[in-house]
Amino acid sequence: MKIAIDGPAASGKSTLGAALAEKLGYLYFDTGVMYRAVTLAVLENNIDITDPQAVLRVVQTVHIEVTPPDHVNDGRQYTVWLDGIDVTWRVRQTDIDAQVSIPSTYAEVRAELVRQQRRIGERGNVVMVGRDIGTTVFPDADLKIYLDATVEERARRRTQEMLARGQVADSMQVLNNMRERDRLDSSRVASPLRPAQDALIIDNTQSSVEEVLNALLTLIAHIQSSGANC
Ligand code: DC
């Protein structure tokens, strides 16, 4: 079974996706880290981020790997490796937040990352999280969820997360960055952020992860049993 979860920044996709994958015993994969790791590699190598071909060369040469957190106990859901270096928290910093939408607009970059994501999906049951999973990566997913919340609530949650990790967080700056990222993510030509036509749209501004998780587990059990009865 393939479960696609899409939605804007800080809508709760990764918390929900990881919890769902754990309950179901599925692989969890957050595609946003690939775009983040590419952005970091571009910045660290002083590559011109506005040059799609130069960014594509970075994508083709760097090695991005996402592995289980193993014994690291700092709240991470997974470990992100960029050419063998642990960049799990580095890719969450504000300079990456501010620039990650730029490489995400390049069709060639997306095509390469989508190819890698499909390969990961072939490993078996998966909960994959991102912006274009239901529309582009797995248009045939068994369940597509589009998770949303107001931009103010998402910025509030992101600010809390950053403070909890000991990062500096200016709530107005986080809100402004998020508005700008929403604009770029949904207005780009290549796979813009939007719900798939057959996605289940959930606004979780007022609900907890547990409420949404329990409702989805019931729905998934129903889909599995109707599939088994066919
Ligand atoms: O989910 P996130 O905030 O970690 O994603 C970071 C950026 O990556 C986001 O602004 C847009 C891009 N992205 C994308 O274009 N497609 C995806 N499937 C996942 C992320």
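Every number for a ligand or one of its atoms is a count from 1 in the order of the listing.
For V87, the side chain to side chain contact (heavy atoms under 4.5 Å, CB included) partners at least two apart in sequence or on another chain are L40, V80, L82, I85, R90, V91. Contacts of Q53 classified as side-chain hydrogen bond (donor to acceptor under 3.5 Å, both in side chains), with partners at least two apart in sequence or in another chain: E108.
Remark: the backbone N or O of L147 is paired with a side-chain donor or acceptor of S11 at under 3.5 angstrom.
The residues lining ligand 1, counting any heavy atom closer than 4.0 Å, are K13, T31, G32, Y35, R36, R92, V100, S101, S104, R110, G130, R131, D132, R181, D185, R188.
Partner of R36 under the side-chain contact (heavy atoms from CB on, under 4.5 Å) criterion, chosen from T31, V100, I64: V100.
Through ILVMFWY side-chain contacts below 4.5 Å, W81 is grouped with nothing and stands alone.
Counting heavy atoms of neighbouring residues, nucleotides and ligands inside a 6.0 Å radius, atom CD of E22 does not exceed 12 of them.
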